[in-house]
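Just the heavy atoms: all of them, side chains too, but no hydrogens, waters or symmetry mates, feed the values below. Just so it is clear, the structure is predicted and the values come from calculations on it, not from any experiment.
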Protein chains: 2
Amino acid sequence: MSRRPTSFGKLAGAGPPVATIYDVAARAGVSIKSVSRVLNKEPHVSEKLRLKILDAVAALDFHPNVSARGLAGKSRLVLVLVDAELTLSHLRSEHGNLYFDRLQLGAMLKCREHGYHLIVELVAPGADKLGETLSSLRPDGVVLTPPSCDDVTILDKLDRAGTPYARISPSRFFERGLRVFIDEAQAAQEITASLIDLGHRRIGFIAGPKDYGASQTRQAGYLQAMSAAGLEVKPEWISLGDFTFESGIDSAAALLGQTPRPTAIFASNDDMALAVVHKAAELGIKVPDALSVVGFDDALSARFCLPPLTTVRQPISEMASKAVELLIAGGEAKDCTDAAQLPYRLVIRGSTAMVSSD
Amino acid sequence: MSRRPTSFGKLAGAGPPVATIYDVAARAGVSIKSVSRVLNKEPHVSEKLRLKILDAVAALDFHPNVSARGLAGKSRLVLVLVDAELTLSHLRSEHGNLYFDRLQLGAMLKCREHGYHLIVELVAPGADKLGETLSSLRPDGVVLTPPSCDDVTILDKLDRAGTPYARISPSRFFERGLRVFIDEAQAAQEITASLIDLGHRRIGFIAGPKDYGASQTRQAGYLQAMSAAGLEVKPEWISLGDFTFESGIDSAAALLGQTPRPTAIFASNDDMALAVVHKAAELGIKVPDALSVVGFDDALSARFCLPPLTTVRQPISEMASKAVELLIAGGEAKDCTDAAQLPYRLVIRGSTAMVSSD
DNA sequence: ATCGCTATTGACACCGCTGTCTTTCGCCAT
DNA sequence: ATGGCGAAAGACAGCGGTGTCAATAGCGAT
């Protein structure tokens, strides 16, 4: 047994005494290594010793020091990277956005459950400070959200640092890192079906860039819903966008210029859906009376535009929780899953309605 | 010079090599202590050495390990305690709330500025896990917001742990911890004056509990504005509440039952102001047409009720930034301020209007 | 050239815990 | 009893920094 002087009870000026592993070991009459074994649920500890140690731990209200553990092994820190531009734009617009609240809540609770802690850091495209943060903090895992989860620079830096990361709803590079996502094909199919149920027959679709996996998937869902309903899809009903508002304007113009024009448009993301609403207003087409519009993502703006957008919501909080879970599991075993699919939810808002007299 | 084997370049399985202070020392041909001195801007380092070391630091892209520093000295961690109930209720209500986004952004940027990191943790009344978090994380400081910044249990635990904390907009125990706040008296005076400017003469006031400092201060501001405008304040115009919605209902009933009744009511917090709006609707009194209502705090609900509430907004982001600044300064010097006052802002919304024909 | 002093610099212990390796213990077979 | 063995428990060396104190260097005064 070590004769190292225990710090417990010393009357240092700063804070009151805080129990260390040495104090616990001394009180239980064992070596610190045994205490460590119990704390980490390692095998090879007799039940008798285990109980004695647990007693001492409780009596001293001992909690292992994160820094010390981090120095010797895992940091037990999970880093959440918050996108700088996105955050700033939220703050500028007076719109509330629950994305980060939900995200953090989910991540935080899961962290707590496992004795991990959540560090929040801002990241700007280019990720100047990321390398510094990684090497000085050495988090056990990083949670990424759109759009930064698709930023090559960031992914590269993480790979180079050898830090595991979980990407929430990535829209490309599907082979990189751990991933948490929803079944986009199914969701796309379902939201298309909801338009069909409202009586729509001529339903236009605005695709995303063809090199984005998400884009392909959503289009497949749209096509499948149409064919399942026995509806024909005219080639000109599908317009190619690139997920930006601007491209949405062009696509909307192309779609709405047709005769007869579609009575509903499914834009494969909210930005483009917003553009459709915008263009429709410009053309004097009333939404949802004369045109139903649906998007995808439940973006911040979707909730606050006029009319608010019917779209697909992802369960952010659960996804964050799952992301942390995967990261922690990944640190403890090699044979763990590297991806998880969660249930989505259709959010019906004011931008859709029964088809008007056709 | 130490002959300790440098870890730089070792081909460990996990991550790529990361420079340590030993690597820097070796490359610069100095002792690690000198490197440490330079990193911490300590005196007693010759300019020549300093430059050599800085060169090595840059060349190796070295960033000191937070865990190691934490173990030996300061943790460089700032903890933000997020109120559990508040957060959950935000999530339940579909209302957006920028409070935490603003708070975190401000705190985060200031942390980054000083090489600190932000840890976010949930805290529930009772603060079960707080002791554990404090003793295992040993943060250099904690940022508290309402309502947890007024929770005795939490303050006690922090004091007992000897952890410095900064309270944002505390409403009691003004002598405890570091404080960041706005000039409530002045703000109350100004918002009262704004009612007077709208032509109101009979302005009711709903006070908070008399043992709350904030309450006293706001009332003083109200009285001062009235007297500055040469307006009399009838005793029955002041009703005592306790900052809860329920007490606001009672006070509103008392105030609105008078003849002639006030044309405007200043409730000393938003919850009570909301209650006034509620009671007025019940009595068939239109807000703002027949009654102007103002609150205080710019609470979450203030923005989203109908009509949205005119109130006083605190600069959350700046306050958080200031809080972190105070905490960090406090850790480095003894003679630092323990309180800071920041500018507020009147937020004029739909609950106030020119007084109607009297 | 020598002494004295202060400004630099370095050696070394230590922060609290985990990984590795050794020692010791309990128990069964011989 | 005696040897063999796997499980239990401990000793000890780091992890990457910081604090303390001793060693050294630089430099004006004598």
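Straight-line distance from the NE2 atom of H63(A) to the C1' atom of dC17(C): 16 Å, rounded to whole Å. Here the P atom of nucleotide dG16(C) and the OH atom of Y22(A) are 8 Å apart, to the nearest Å. Atom CG of N40(A) and atom P of dC17(C) are 11 Å apart (whole Å). For K74(A) and dG19(C), the NZ to P distance is 8 Å, given to the nearest whole Å. Rounded to an integer number of Å, the gap from CZ of R69(A) to C1' of dC15(C) is 16 Å. Distance CD1 (I21(A)) to P (dG16(C)): 11 Å, rounded to an integer number of Å. The distance from atom NZ of K33(A) to atom P of dT18(C) is 7 Å, rounded to the nearest whole Å. Going from atom CD1 of I32(A) over to atom C1' of dG19(C) covers 12 Å, rounded to whole Å.
One finds no salt bridge joining R167(B) and D151(B) here, because no Lys/Arg side-chain nitrogen approaches an Asp/Glu carboxylate oxygen to under 4.0 Å. With salt bridges taken as basic N to acidic carboxylate O contacts below 4.0 Å, none links D55(B) and R27(B). A salt bridge is absent between D338(B) and R176(B); no separation between the charged side-chain nitrogens and carboxylate oxygens falls under 4.0 Å. Between R76(A) and D140(A) no salt bridge is recorded (no basic side-chain N to carboxylate O distance below 4.0 Å).
Of the two residues near DNA chain C, P64(A) and S34(B), the one whose nearest nucleotide lies more 5' is S34(B).
Side-chain N or O atoms of R179(B) include one that pairs as donor or acceptor with a backbone N or O of F174(B) at under 3.5 Å.
The residue E42(A) sits close only to the backbone: its heavy atoms come under 4.0 Å of sugar-phosphate atoms, none of a base. Heavy atoms of V35(B) sit nowhere under 4.0 angstrom from any nucleic acid atom. L39(B) comes within 4.0 angstrom of nothing in the nucleic acid, heavy atoms only.
Taking all atoms of both residues into account, the shortest heavy-atom contact from L81(B) to T145(B) is O-OG1, 4.1 Å. Residue R69(B) comes nearest to N40(B) through the heavy atom pair NH2-OD1, 3.2 Å, listed as atom of the first residue, atom of the second, then distance.
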Find every protein N or O atom lying less than 3.5 Å from an N or O atom of nucleotides 21-26 of chain D, and list the pairs.
none

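Taking only side-chain nitrogens and oxygens, S36(A) comes nearer than 4.0 Å to OP1 or OP2 of dT18(C). Dashed line: the shortest gap from a side-chain N or O of S46(A) to OP1 or OP2 of dA9(D) is under 4.0 Å.
Here dT18(C) is the nucleotide among dT18(C), dG10(D), dG10(C) with the atom lying nearest to any side-chain atom of A72(A). Across dA9(D), dC15(C), dC17(C), the shortest atom-to-atom separation from the side chain of T20(A) is found for dC17(C).
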